[in-house]
Structure formats: structure tokens, C-alpha cells
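Below is one structure, written out as C-alpha cells, with a few remarks after it.
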Number of protein chains: 2
Amino acid sequence: MTRESTTAKIGNTAYHGRRGRRGTGSVILADVAKLAGVAAITASRALNSPDRVSPDTLKRVRAAVARSGYVPNLMAGGLASSKSRLVAALVPTISGPVFLETIQALTEALEDSGYQLMLGQSGYIESREDALLDAIIGRRPDGIVLTGIMHSAAGRRRLLASGIPVVETWDLTPTPIDMLVGFSHERAGAAVAEFLHACGRRKLAIVTGDDHRAGLRRKGFVEAAARLGSRGARNREMPTCFTPAPTTLGSGRIGLATLLRQHPDLDAVFCSSDALALGVIIEAHARRIAVGKRLAVVGFGDLGFARDTHPALTTVRIDGTAIGQLAARLIVTRAAGGAVAQRIIDIGFSIVERASA
Amino acid sequence: MTRESTTAKIGNTAYHGRRGRRGTGSVILADVAKLAGVAAITASRALNSPDRVSPDTLKRVRAAVARSGYVPNLMAGGLASSKSRLVAALVPTISGPVFLETIQALTEALEDSGYQLMLGQSGYIESREDALLDAIIGRRPDGIVLTGIMHSAAGRRRLLASGIPVVETWDLTPTPIDMLVGFSHERAGAAVAEFLHACGRRKLAIVTGDDHRAGLRRKGFVEAAARLGSRGARNREMPTCFTPAPTTLGSGRIGLATLLRQHPDLDAVFCSSDALALGVIIEAHARRIAVGKRLAVVGFGDLGFARDTHPALTTVRIDGTAIGQLAARLIVTRAAGGAVAQRIIDIGFSIVERASA
DNA sequence: ACTCGCAATGGTAGCGCTACCATCCGCGCT
DNA sequence: AGCGCGGATGGTAGCGCTACCATTGCGAGT
């Protein structure tokens with residue numbers, strides 16, 4: 001029994017109503033083809049590679065689509081072509097505006113290339129990360145973007161085994177799973193120490209979150225400070241205040257208060273996020289400490305508000321948008337069968353010098 | 001020719017190498033079934049409804065899955081069952097932390113129920129919204145969550161026609177497409193005006209973004225102020241400063257400066273976001289205006305930093321997490337074939353009274 | 001005139017999975 | 001003994017689409 005033997009009704013309800021199976025009852029490609037007076041495969045070509053059909057056919061198929069309100073079933077198409085036009089992004093959490101810019105740029109760049117973003121939040125629980133990985137790999141995305149994720153060894157193996165292009169971002173590990181767009185947190189930390197040193201600051205301190213990447217920045221900062229001979233840093237005795245994730249304005253206030261109790265004479269604070277830095281500035285205000293003069297404050301991230309604090313915040317700028325766009329380009333290239341010239345891209349960073357340091 | 005007639009190799013590479021089609025070459029259900037010594041359909045049941053197979057079979061199938069590294073192809077499963085286990089969320093943009101909490105909660109709640117979130121950003125371009133809608137509907141998600149989207153009439157129609165459950169959020173329109181979780185922006189604005197009036201404030205002003213929902217809050221605020229007889233508000237002459245999207249700390253600073261130029265005696269400012277409010281506070285600081293005393297400031301959103309500003313920010317709290325969770329529950333219920341008791345849920349709001357007003 | 005090539009179209013056979021029905025087996029009942 | 005019944009399992013036939021190959025028709029090349 002063929003579809004043609006049923007009524008001419010658009011949609012496959014009639015067919016399934018007669019005998020047998022499920023079906024969504026919506027308009028399918030065969031309906032469009034019949035309306036346009038062509039075979040299904042020709043209708044498919046008209047939609048997916050318009051230059052492979054005659055102009056006349058193309059017009060008729062397009063008209064049929066418009067008339068019937070047909071929306072291609074991408075699950076079926078994906079199954080048949082093993083191309084899902086989906087890209088998955090895995091982040092620890094989207095709150096915490098650090099990765100937002102990257103996700104935003106990624107989504108936009110992908111949409112421009114006809115891809116859709118699937119978002120996964122691993123939280124910080126490893127078992128969840130594994131379950132999530134299954135859910136993601138199960139959809140056979142054309143690419144996976146890992147942002148700020150510390151993946152388990154098991155996770156790495158499954159990703160590798162899946163054969164799906166992977167882009168890691170926001171970090172620069174020597175041994176990426178596949179591709180990578182990031183920068184060196186350690187060098188960023190070192191650069192801040194050198195900058196503060198050049199400003200004449202010698203009594204440095206840190207307010208930092210305790211995630212892995214912040215740790216790397218701290219390491220670079222402390223080592224550079226030691227190398228340059230700043231106070232206390234020689235023996236890794238950098239005054240440090242750790243704050244729990246996520247880093248907030250409130251933690252920054254507490255952080256400065258805590259540091260001042262032990263080291264009332266400190267003259268510079270490097271914060272692992274702009275939110276912390278804003279908190280430090282506000283706490284300094286409350287204590288009538290002149291930020292930028294008696295106390296230098298440096299943030300990290302160059303979030304939108306950094307230019308508008310009082311005084312404006314000196315901070316490390318990471319081009320999150322570029323990271324997202326590059327990640328998208330890498331994946332799109334790979335999905336199109338192309339080879340990428342450079343599997344590891346160092347996007348660098350810059351110190352935006354404003355009034356706070 | 002059946003799969004069984006080929007070698008016992010795991011994965012369908014051998015089969016497809018021999019003659020014919022594409023195929024991903026990865027482990028498929030039939031491989032698992034063969035390993036476990038059962039039929040494919042039994043393996044499927046073992047994975048999807050474990051209580052419908054014998055404990056022994058279940059164990060053997062699970063072992064086979066573990067041994068082969070099988071990951072179900074959810075596109076194929078979705079096609080066969082017309083259940084995608086995907087939910088799409090449409091937001092104008094994810095930067096701008098307002099909807100973050102909702103998206104976060106939504107993702108988590110869905111993951112707990114075995115659903116995956118697909119994220120779409122419409123930007124503010126209507127043509128893009130339409131293209132996006134096709135990409136989304138094409139994947140046949142089990143639900144669509146609209147957050148802060150003003151959808152075109154055409155968009156409404158397609159959503160309706162698709163038959164997919166839709167939840168609109170963050171607003172309370174009288175005629176939702178399907179389901180709705182939100183609150184009345186107008187009433188929120190009115191409540192702030194009443195609150196400020198009760199605090200003895202009479203010379204009110206507004207700093208606001210110019211999106212639709214902020215407009216509704218402004219309307220409620222202005223009308224309530226007029227009703228209560230605050231200065232100028234009788235004739236809708238509320239001093240107002242509009243700022244371009246997105247609302248930022250910087251816009252808030254400019255906003256207050258602008259208002260003060262025209263109305264140096266104002267004693268209260270209602271801001272359409274906490275970011276604006278923070279900017280207003282910072283500008284007031286810079287001008288040595290005592291916030292909470294000479295000038296009352298009220299924000300909107302109760303973002304994380306609101307409790308930590310100096311002085312702490314009085315603001316309107318919306319439970320974005322609850323919105324996300326409720327939206328998830330509505331969709332999961334519907335997808336499971338259940339009927340929802342209440343198609344329109346008013347989540348309300350509350351004014352968090354702190355030191356700034 | 002006859003091949004050759006190419007553009008346009010169509011038929012067929014799956015992609016990997018699950019809904020639907022059929023079968024089988026063992027159990028308690030009449 | 002024969003019956004029905006429910007639990008476990010299997011076979012088959014698609015879900016809606018596209019890869020692969022075949023076919024057709026027509027103009028150019030020899």
C-alpha cells in the first residue's frame with residue numbers, strides 16, 4: 001500500500017487512520033512533492049540544493065511549501081544524512097556572566113551557518129557530566145564546544161570515541177582532546193603582576209575564586225611577583241583571600257576586609273573576576289580608601305560595567321566573542337569536511353588600563 | 001541480506017564497507033542485542049522500560065552496553081517514537097542577566113527529567129525570529145519556552161499550527177498561545193510607586209530601558225503615582241530618562257545625571273533594572289548625594305549584587321528560578337500526555353526592602 | 001549518424017530506532 | 001486434559017528523510 005493509494009488529503013493522518021502506525025499527522029515532504037507534481041527526492045533537492053533543480057521546479061516546490069506550511073523534519077533528515085546541524089555547548093553553569101559572551105557569539109555564529117545550539121550545564125557534579133555527555137552524544141551533534149569544563153578522563157575517552165569534533169575553550173591545555181581556542185591563564189596572571197610592579201606597587205594581594213583557571217592565574221601572578229621581588233612573594237607568601245564560587249560583589253567586600261585585617265599596608269589587589277573587584281572597590285569606598293591612589297585594584301574579565309565603576313576598573317580583557325566565533329568556525333569547517341589549519345588557537349588577552357590601578 | 005550474515009564485528013562498518021550506504025560506523029542497538037543474545041527490540045526495552053524485561057535479560061543488556069560503549073541514537077529514537085526529548089528555549093539574548101536564572105533553572109529541571117535544552121536567540125530582528133522558528137519546529141521539540149519574546153503574528157500561527165506545547169514566560173498576556181508563567185509588570189510598577197509613596201517620597205522619577213515589559217512597569221508606576229498624587233505625575237509628567245538596550249551601569253549614571261539637570265529636587269528613582277540602579281547609586285556617590293536618605297533608589301530584578309551595593313539596593317524580586325522550574329514542569333507534564341491544571345500561572349513579585357529606599 | 005557528456009529527475013533502499021502485533025511459555029483454573 | 005491469562009520475547013513494518021544509482025532527454029563533439 002502506498003501513500004498514493006490513499007486520499008489526496010494533505011498530511012498523513014488519513015493514511016495512518018486507515019491502518020497501522022503512529023505518525024505526527026503533519027505535512028511531510030511527500031505531500032509537498034505531490035502538490036508540486038514532482039517526486040519526493042526532487043522536492044528534497046529543491047530545498048537542500050536549489051541549484052541542482054530547474055528554476056521551474058524550484059518555483060513550484062517553493063510554492064507548495066508555502067501553501068502547505070511544510071516544515072522539514074530535521075530528525076529524519078539528520079538520521080538519513082548523519083548530519084544533525086546541531087552543535088552542543090557544555091558549560092559548568094551559565095550564571096556567572098563570564099562565559100555568556102562566548103555562548104552568545106557561538107549561538108549567533110552557528111545560526112548564521114544554519115546550525116542550532118544545544119546547551120548543557122554540567123554543574124560541578126561529575127556524575128552529571130557523564131549523563132549529560134550521553135544525552136549529547138546521543139543526538140549526534142556535528143560538534144561539541146567545551147567551555148570552562150574540567151572533564152573526567154572517562155569523559156575525554158567517550159568524546160574521543162564518538163568521533164565528534166570537539167573544541168575546548170577558555171583555556172590552553174597542552175593536550176587538547178581535539179581543537180582548542182583559549183589563552184594562557186598563567187601568563188595573564190604574570191602580566192598583571194608585571195603591570196602592577198611597573199606601577200610601583202610592591203605590596204600585592206589576591207582575592208580569588210577557587211576554580212582551576214583562577215588558580216592558574218594566581219600561580220602566574222605569584223611567580224611573576226616573586227621574580228620581580230615584591231613584598232612577601234619570594235616565598236609564595238602572597239596575601240590571598242579565597243572566596244567560594246560563584247564570585248560576587250559581596251565576596252569582594254569581605255575579601256578586602258579580610259586582607260586588610262592581616263595586611264593593613266597592602267597597596268594592590270588582583271581579583272579573579274570583575275565582580276570581586278567591584279566589591280573590593282565598594283568596600284574601599286566604605287572605608288575611605290582611595291582606589292587608584294592608595295590602593296590599586298585589578299579585575300578580570302572586562303565585563304560591561306568595568307568602564308563605569310568609580311573609579312573605572314583596570315582589568316584583564318578576554319575577547320569572549322572572538323572565542324565563540326572562532327569555535328563556531330572551527331566546527332563548521334570540520335563539519336563541512338574541511339581540515340582546520342590550526343588546531344590550537346591562542347586568542348591572548350590584554351590589560352585594559354583605567355583609573356583603578 | 002541481513003546484518004547477521006556479515007562478520008560478527010561490532011559496529012556496522014563491515015556491513016557498509018561491503019556494499020551500499022553510509023552509516024556512522026558506530027555501535028548500534030543491533031550490536032548490543034547480538035552481544036546480549038537477544039533481539040534488538042528486547043534490548044530497546046531493556047534500556048527504555050527496564051521493568052518490562054526479566055532481571056536476567058536486563059543485566060545482560062546492560063553489560064553489553066557497557067562493553068560496547070553503545071550510545072543510543074536519539075535522532076532515530078525520536079523519529080520512530082515522535083518524542084524528541086528536546087525542549088527549545090527562545091530568548092532575545094542571553095547576555096543581560098535577567099533571564100539567566102530562568103534559563104539555568106529550566107535547563108536543570110529539564111535535565112532531571114531527561115530532557116535537553118536547545119537554545120535560540122532571536123536577537124531583535126523579526127526575520128531572524130522566523131528562520132529560527134523553522135529550525136526549532138523542524139526538530140520537533142516536545143516543548144517550546146518563550147522568554148521575553150515579542151513574537152510576530154506569523155510566528156504565533158506557526159507555533160499554534162505545529163501543535164507543540166508552548167510556555168510563554170516573564171509576562172502575563174491575556175491571550176497566551178498556550179501556557180504561561182509570569183507576572184504583571186504593570187502591577188509591579190504600581191507596587192513600587194505605592195511603596196515609595198508610603199516612604200514619604202513625592203518627587204518621583206524613572207530611569208528605564210525601552211523594551212516592552214519595562215514600558216509596562218513604567219505605565220503601572222506612573223498611573224499609581226498619579227492616583228496617589230505625587231508631584232507632576234497627575235498629567236503623566238513623570239520625569240523619565242530612557243536608556244538604550246541593554247541597560248548598563250553606565251546608562252544608570254548618565255540617567256541620574258540627566259534627570260538631575262532637569263529636576264534637581266527629585267527624591268526617588270525607579271530603575272528598570274538593577275544594573276541601572278547600581279549606576280544611579282554610583283553616580284549619586286560621585287555627587288555626594290546620600291542614597292537612601294536624600295535620594296531613594298529602587299531597582300528591578302534582585303540580581304546577586306543587589307544585597308551588596310552600598311547602600312544595599314531596594315529592588316523588585318522576581319523568582320526567575322521558579323519561572324524556569326514551573327515552565328519545565330508544564331512541558332514535561334504535557335509531553336507525558338497529562339493535562340495541566342492551570343494554563344496561566346501568576347508567579348507574582350515582591351519588593352525587597354533594603355537601605356537604598 | 002552515432003556516441004558521449006551532462007543536466008534533470010526518479011526509484012529504491014536504507015539511516016537506527018520503536019509501535020504494533022504475534023508468539024511462546026508456564027501457571028492456575030475449571 | 002483443556003482453557004485462558006499474563007509476562008517475556010520476537011518479527012515486521014514503518015517514522016520522514018536522503019545517499020546511491022539508474023534513467024531520460026538533449027545538445028555538442030567526432
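In what follows, chains carry the letters A, B, and so on, assigned in the order in which the sequence lines appear, proteins first and then strands, with residues in each chain numbered from 1.
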Among D:dT9, C:dC17, C:dC15, the one nearest B:Leu29 by side-chain distance: C:dC17
Contacts of type side-chain hydrogen bond (donor to acceptor under 3.5 Å, both in side chains), residue A:Ser54, not counting sequence neighbours: A:Thr57
B:Asn73 side chain near C:dC15 phosphate (N/O to OP1/OP2, under 4.0 Å): no
Atom-to-atom span, CD1 of B:Ile137 to P of D:dG16 - whole angstrom: 16 Å
Partners meeting side chain to side chain contact (heavy atoms under 4.5 Å, CB included) with B:Ala39 (sequence neighbours left out): B:Ile41, B:Thr42
Interface residues of residues 36-44 of chain A with DNA chain C (non-hydrogen, below 4.0 angstrom): A:Val38, A:Ala39, A:Ile41, A:Thr42
Spacing between A:Lys83 atom NZ and D:dC17 atom P, to the nearest angstrom: 17 Å
Integer-rounded Å distance: D:dA19 P and A:Leu47 CG: 13 Å
Beyond-backbone contact of B:Tyr115 with B:Val332, side-chain heavy atoms, under 4.5 angstrom: yes
Salt bridge (Lys or Arg N to Asp or Glu O under 4.0 Å) partners of residues 45-62 of chain B, not counting sequence neighbours, each pair once: B:Asp56-B:Arg60
Salt bridge (Lys or Arg N to Asp or Glu O under 4.0 Å): pairs with one or both residues in residues 65-90 of chain B, sequence neighbours excluded: none
Side chain proximity check, B:Leu47 to B:Leu29, heavy atoms < 4.5 angstrom: yes
Residues which pass side chain to side chain contact (heavy atoms under 4.5 Å, CB included) with B:Thr93, listed by chain and number, not counting sequence neighbours: A:Gln104, B:Ser95, B:Gln121, B:Tyr124
Atom pair distance, as rounded to whole Å: CG in B:Leu79 and P in C:dG16: 12 Å
Results of side chain to side chain contact (heavy atoms under 4.5 Å, CB included) for A:Ala322 - residues two or more places apart only: A:Asp319, A:Ile347
Closest to the A:Ser54 side chain, choosing from C:dT9, D:dC15, C:dT18: C:dT9
5′-ward residue of the pair B:Arg45/B:Arg140 relative to DNA chain D: B:Arg45
Rounded distance (Å) that lies between atom P of C:dC15 and atom CG of B:Asp31: 12 Å
Qualifying salt bridge (Lys or Arg N to Asp or Glu O under 4.0 Å) pairs with a residue from residues 322-340 of chain B, counting only residues at least two apart or across chains: B:Asp178-B:Arg334
Spacing of A:Asp56 atom CG relative to C:dA7 atom P, expressed in whole Å: 18 Å
Between P of D:dC17 and CZ of A:Arg85, the distance in whole Å: 16 Å
side-chain N/O A:Thr57 vs C:dT9 OP1/OP2, d < 4.0 Å: yes
Distances for protein N/O vs nucleotides 22-27 of chain D N/O pairs under 3.5 angstrom?
none

Selected nucleotide, minimal atom distance to B:Val53 side chain, candidates C:dT18, D:dT9, C:dG16: D:dT9
Beyond-backbone contact of B:Val27 with B:Ser68, side-chain heavy atoms, under 4.5 angstrom: yes
With A:Asp130 via side chain to side chain contact (heavy atoms under 4.5 Å, CB included) - residues at least two apart: A:Ser152
Five-pair end axes of the helix from C:dA1-D:dT30 to C:dT30-D:dA1, angle between them (10°): 50°
Gap between atoms CZ and C1', on B:Arg52 and C:dA19 respectively (whole Å): 11 Å
Contacts of type ring pair (Phe, Tyr, Trp, His ring centres under 6.0 Å), residue A:Phe99, not counting sequence neighbours: A:Trp170
